[in-house]
Amino acid sequence: MATANISNENIAHDVHGHDDDHHHGNFITTYIFSTDHKMIAKQYLLTGILWAFVGGLLSIIFRLQLGFPGMSLEFLRPLLGDWISSSGSLDPEFYLALVTMHGTIMVFFVLTAGLSGTFSNYLIPLQIGARDMASGFMNMLSYWLFFLASIIMFISLFLETGPAAGGWVVYPPLSALPQAIQGSQAGMTLWLVAMVFFIASQLLGGINYITTVINLRTSGMSFSKLPLTIWAFFLTAVIGLLSFPVLMAASLLLVFDRSFGTSFYLSEIYIGGEALPNVGGSPILYQHLFWFLGHPEVYIVLLPALGITSEVVATNSRKPIFGYRAMVGSMLGITILSFVVWAHHMFVSGLNPFLGSIFMFLTLIIAVPSAVKVFNYLTTLWKGNIVFTPAMLFSIGLVSVFISGGLTGIFLGNSAIDIQLHDTYFVVAHFHLVMGSASFFGLMAGVYHWFPKMYGRMMDRHLGYVHFWLTFVGIYLVFFPMHYIGIAGFPRRYYSFTTFDILDTFADLNMFISVAAILTFSAQAIFAYNFFYSMYRGRLAPANPWKSNTLEWTTSRYPGHGNWPGEIPKVYRWPYDYSKPGAKEDYIPQHIPFSATPESNLPHENEMIAEEKAAAKVDTTSNEAKA
């Protein structure tokens, strides 16, 4: 393995050599069409923040309609134009379009690209000891395909007929028939085209991440010494590589049905009394294809967040991560099981009850590896010497919302109960907690933790505390009441509840949720200010401000292209050597040999000293022979 890794190091040097002109690039090649993984990561992050603002703003607009149905929204006319009706309320079709775009943007453009794109790009080469990604060009192409998808999706907001409507799942026949509603016209076409570019971007990125982790690890960095962040990014890329093509196929078939008269998803439909010529298709087929990506997508956004949390919790607890192998095993279990649970989203589609029972069983099993991760986080925190940085607070917050949202998932995984709750706000609350909020907290933990390395400066800690507490409390105030109204039968995707007397009972609670959502969204301005101000005016960061063990902290304060100016550090130990008895410091970085820390070595680690000396002797002999 050591020989293979030395060889891989040479490959990394070669990769670096190909892009060496980046050192001397102009503004265009350095900041726009860059092949440096760190710059591409920042591009993903900034684009993700922009989309988070857009997606969040859309949700605030439709929460105004839901929480204050009698209020005039005329003040939004300069922004929304004729989508504000003559009565001053939101146009019902545009409401559905806003819900569609909010879901699409937040799931794909923020939590998938913004989270995984940012930290996979930034951390994989730095934490495995590589100069860059396996292919800098593919990496750059991945970002710009994502950016192109963003532009196409953004343009659809300004179409006369409005953006796509029908929910972020864009089920046919609504999405397959342009004449169905306004949101099924050009906006839907742009939605599909944007998603094709987006998926191509994800596939290019995923191939690059997998190739880099397998081939470009530095000497000594075996799979058993990988930080859990890298395990998470690696397995996330595997999930994406196997599931995204299915959604791409589903989208292309939908384009064929819309534009070329095929009938993959359409069968015997009348519109306005006119019988359409389509026969033989089934919209249920689309649901199978969509959810084969749709459910693994939950883990595509969750696993990176959980990986980031593992790193932050161990570092700030000043303790070794509890159960490293169990953590890796649980992620492998989640990866495999994520492909066999898709049909629990289809319990109400007429699925055979026997098949429903099988998918219910598989769905509930996935709670086991998820529970293992939570148990290991709590055990790592137990009796730790905890440092409450903003990143640590967001990581603990992730564990909290992951538990809350995960428990409600047990109800929805049960087919008999899901039939009652499926089209209510209980589902909205569940996935916003377990998927949206948990991943968002992981994203924030990552930004606060690695900001000093990304920009060479520190974010303001006190503003970080205020941002965390307002967000943490606000999220529970928004989504916890939704469980209650969902159990009471409050349906989701309804434009207005004023026509049903029984739903008027919850008008005050609905207004409360809207106010909490507005305050939570407003609190993000604190983060935006802290982020952009600290980028230029923040306190200069030391090279390793959190006293962490992983390789990225062995680089300079603001690493240049190639990451390390000289030799790439070799790795001797796992990344979680914190608080070792007898050690001079409470952390021992991965590149420190066991021979340098005899006072803190465990018995089996002392045996490694002889191997280190033998390997050093071989290296010396080899270098002399080359000379």
Side-chain angles (χ1 to χ4, degrees), residues 1-15 119-120 123-134 208-238 303-304 306-308 310-311 314-315 320-333 335 376 548-555 563-564 567-578 580 587-597 600-619 622:
M1 180 62 76
T3 305
N5 282 335
I6 290 171
S7 175
N8 294 334
E9 186 181 344
N10 292 335
I11 295 172
H13 278 287
D14 292 341
V15 171
F119 292 104
S120 294
L123 292 179
I124 285 177
L126 282 171
Q127 288 198 336
I128 68 170
R131 298 290 185 190
D132 207 324
M133 285 289 180
N208 224 354
Y209 304 152
I210 293 170
T211 308
T212 305
V213 172
I214 291 176
N215 291 316
L216 299 188
R217 286 168 288 124
T218 188
S219 178
M221 180 64 86
S222 62
F223 271 89
S224 62
K225 293 175 183 170
L226 284 179
L228 290 171
T229 42
I230 302 302
W231 272 109
F233 300 148
F234 178 73
L235 294 174
T236 298
V238 171
L303 275 183
L306 295 173
I308 289 169
S310 301
E311 184 72 23
T315 301
I321 193 79
F322 184 86
Y324 174 88
R325 292 182 180 177
M327 294 286 259
V328 174
S330 65
M331 284 192 282
L332 284 168
T335 300
N376 287 15
S548 188
N549 286 341
T550 40
L551 287 183
E552 74 272 25
W553 304 106
T554 64
T555 62
N563 297 335
W564 287 269
E567 291 289 321
I568 299 177
K570 295 181 180 179
V571 165
Y572 296 92
R573 58 184 77 224
W574 77 320
Y576 302 107
D577 264 346
Y578 293 106
K580 292 194 75 171
Y587 70 110
I588 308 177
Q590 281 189 283
H591 70 290
I592 302 297
F594 291 109
S595 56
T597 60
S600 63
N601 290 344
L602 300 174
H604 75 277
E605 291 173 340
N606 282 323
E607 297 172 5
M608 302 293 294
I609 295 176
E611 294 183 21
E612 286 175 7
K613 290 180 178 177
K617 188 175 181 180
V618 170
D619 288 345
S622 175

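Keep in mind that the numbers below use all heavy atoms, side chains included, and drop hydrogens, waters and symmetry copies.
- Residues forming a side-chain hydrogen bond (donor to acceptor under 3.5 Å, both in side chains) with N601 (at least two apart in sequence, or on another chain): T597, N606.
- Scanning both residues, P227 and P575, for their nearest heavy atoms gives CA-CG, 3.7 Å.
- Looking at heavy atoms from C-beta onward, I588 lies in side-chain contact with S600 at the 4.5 angstrom threshold.
- Separating the CZ atom in F233 from the CG atom in L228 is a distance of 11.0 Å, to the nearest 0.5 Å.
- The shortest heavy-atom contact between P569 and H591 is CB-CB, 3.9 Å.
- The aromatic rings of W231 and F234 sit perpendicular, their planes meeting at an angle over 60°, well past the 30° parallel limit.
- In summary, of the residues considered (L123, L551, T212), a side-chain contact (heavy atoms from CB on, under 4.5 Å) with I128 occurs for T212 alone.
- A donor-acceptor contact shorter than 3.5 Å is absent between the side chain of Q590 and the backbone of V571.
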Test side chain to side chain contact (heavy atoms under 4.5 Å, CB included) on Y587 and D577 and set out the steps.
CA-CA 6 Å; Y587 70 110; D577 264 346; over 6 Å; no
For the pair S224 and R325, evaluate side chain to side chain contact (heavy atoms under 4.5 Å, CB included) and give the outcome as yes or no after the intermediate values.
CA-CA 8 Å; S224 62; R325 292 182 180 177; over 6 Å; no
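- The side-chain hydrogen bond (donor to acceptor under 3.5 Å, both in side chains) search around Q127 returns T229, E552, not counting sequence neighbours.
- Annotation: side-chain hydrogen bond (donor to acceptor under 3.5 Å, both in side chains) contacts of E612 (sequence neighbours excluded): S595.
- Across every non-hydrogen atom of A237 and I210, the tightest pair is CB-CG1, 3.7 Å.
- A distance of 10.5 Å separates CD in E567 from OG in S219, rounded to the nearest 0.5 Å.
- Of the inter-residue distances, the one linking F594 atom CZ with E605 atom CD reads 4.5 Å to the nearest 0.5 angstrom.
- Side-chain atoms of V213 and L226, non-hydrogen and from C-beta on, do get closer than 4.5 Å to each other.
- Annotation for L216 and A130: closest pair O-CB, 3.5 Å, computed over non-hydrogen atoms.
- For S310 (side chain) and L306 (main-chain N/O), a donor-acceptor pair under 3.5 Å exists by modelled atom type.
- Formation of a donor-acceptor pair under 3.5 Å by the N376 side chain with backbone atoms of F322 is found in this model.
- With hydrogens and angles disregarded, no donor-acceptor distance shorter than 3.5 Å links the side chain of N563 to the backbone of T555.
- With sequence neighbours excluded, no residue forms a ring pair (Phe, Tyr, Trp, His ring centres under 6.0 Å) with W564.
- In this structure, CD1 on I568 lies 10.5 Å from CG on L126, to the nearest 0.5 angstrom.
- Here the CZ-CD1 distance, from F223 to I230, works out to 10.5 Å after rounding to the nearest 0.5 Å.
- Taking the ring pair (Phe, Tyr, Trp, His ring centres under 6.0 Å) definition, one finds that Y324 meets it with W574, sequence neighbours left out.
- With rounding to the nearest 0.5 Å, the separation of CG in L235 from OG1 in T335 is 4.0 Å.
- The side-chain hydrogen bond (donor to acceptor under 3.5 Å, both in side chains) check on K225 picks up nothing, with sequence neighbours excluded.
- At least one donor-acceptor pair under 3.5 Å links the side chain of R573 to the backbone N or O of P593.
- Contact detail for P125 and S120: the closest heavy-atom pair is CD-O, 4.2 Å.
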Is there a side-chain hydrogen bond (donor to acceptor under 3.5 Å, both in side chains) between T315 and Y578? Walk through the geometry before answering.
CA-CA 8 Å; T315 301; Y578 293 106; 3.1 Å; yes
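- Taking both residues in full, the closest heavy atoms of R217 and I214 are given as NH2-O, 3.1 Å, listed atom of the first, atom of the second, then distance.
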